[in-house]
Amino acid sequence: DAGITQSPRHKVTETGTPVTLRCHQTENHRYMYWYRQDPGHGLRLIHYSYGVKDTDKGEVSDGYSVSRSKTEDFLLTLESATSSQTSVYFCAISEGRYAGGTEAFFGQGTRLTVV
Amino acid sequence: RKEVEQDPGPFNVPEGATVAFNCTYSNSASQSFFWYRQDCRKEPKLLMSVYSSGNEDGRFTAQLNRASQYISLLIRDSKLSDSATYLCVVNIPSASGGSYIPTFGRGTSLIVHP
């Protein structure tokens, strides 16, 4: 299994509080992604990173920010959590832009509940 | 319209059956294609890549039709353990063109019963 660790694995937080989720990889892969998964929507991209300090928005980026100060770490921050951000969050990594992109490997997910 | 479309199912089949899933994508510049499997409350895991020439891995066969922009997955001799959600993934060029983004269909649910 690819070396990807997400923390925390489960979190309950209150509306309006900031929350940071961490993704750590040991594969030295260039690309890192944050997705959220909700019933009826599948996995939707929040933000992704194509290198240290290089990030871009995905389909559902409103209310989220990211940072990548080291190759191995990609942080997702909910600035002020809302109930609509209750979801399962997955981090993924991929090796790079080769032949149209390589396969992605996923962390085990973080279950976030905003009450 | 979503960029990657799948029939959500569920597909309910008996053990030993052959079942096929299809997936369509809208961006003709897409380069790489994959099928993933996701078990309940777990992370998606790569099942197989999909090549233009078609490829097979045991009971699983994947095919790509670039002209029609669809991908298929065939499972032969279904097992109870095949019950899961199957996700079609297409690497789509980013708006800037500098990256390829794994983009998911909503998944197709398969239930294999005795």
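Hydrogens, waters and symmetry mates play no part in the numbers below; they use all other heavy atoms, side chains included. What you see is a predicted model; the values in this text were computed from it and never measured. Quick note on labels: first sequence line is chain A, next is B, and so on, each numbered from 1.
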**Q** If I measure from the heavy atoms of chain A, does Q6(B) come under 4.5 Å with its side chain, its backbone, both, or neither?
**A** neither
**Q** Are any side-chain N or O atoms of R9(A) and backbone N or O atoms of G109(A), one a donor and one an acceptor, separated by less than 3.5 Å?
**A** yes
**Q** Contact part of F33(B) toward chain A, heavy-atom cut-off under 4.5 Å: side chain, backbone, both or neither?
**A** neither
**Q** Heavy-atom pairs under 4.5 Å with chain B - which of A104(A), G42(A), A92(A), S94(A) has more of them than the others?
**A** A104(A)
**Q** Report yes or no: does S94(B) contribute a side-chain atom to a donor-acceptor pair with the main-chain N or O of S99(B) at less than 3.5 Å?
**A** yes
**Q** Please determine, by modelled atom types, if R36(A) and Y64(A) share a side-chain donor-acceptor pair under 3.5 angstrom.
**A** yes
**Q** Side chain, backbone, both or neither: which part of L43(A) has a non-hydrogen atom closer than 4.5 Å to chain B?
**A** both
**Q** Quick one: are the ring centres of Y35(A) and F90(A) less than 6.0 Å apart?
**A** no
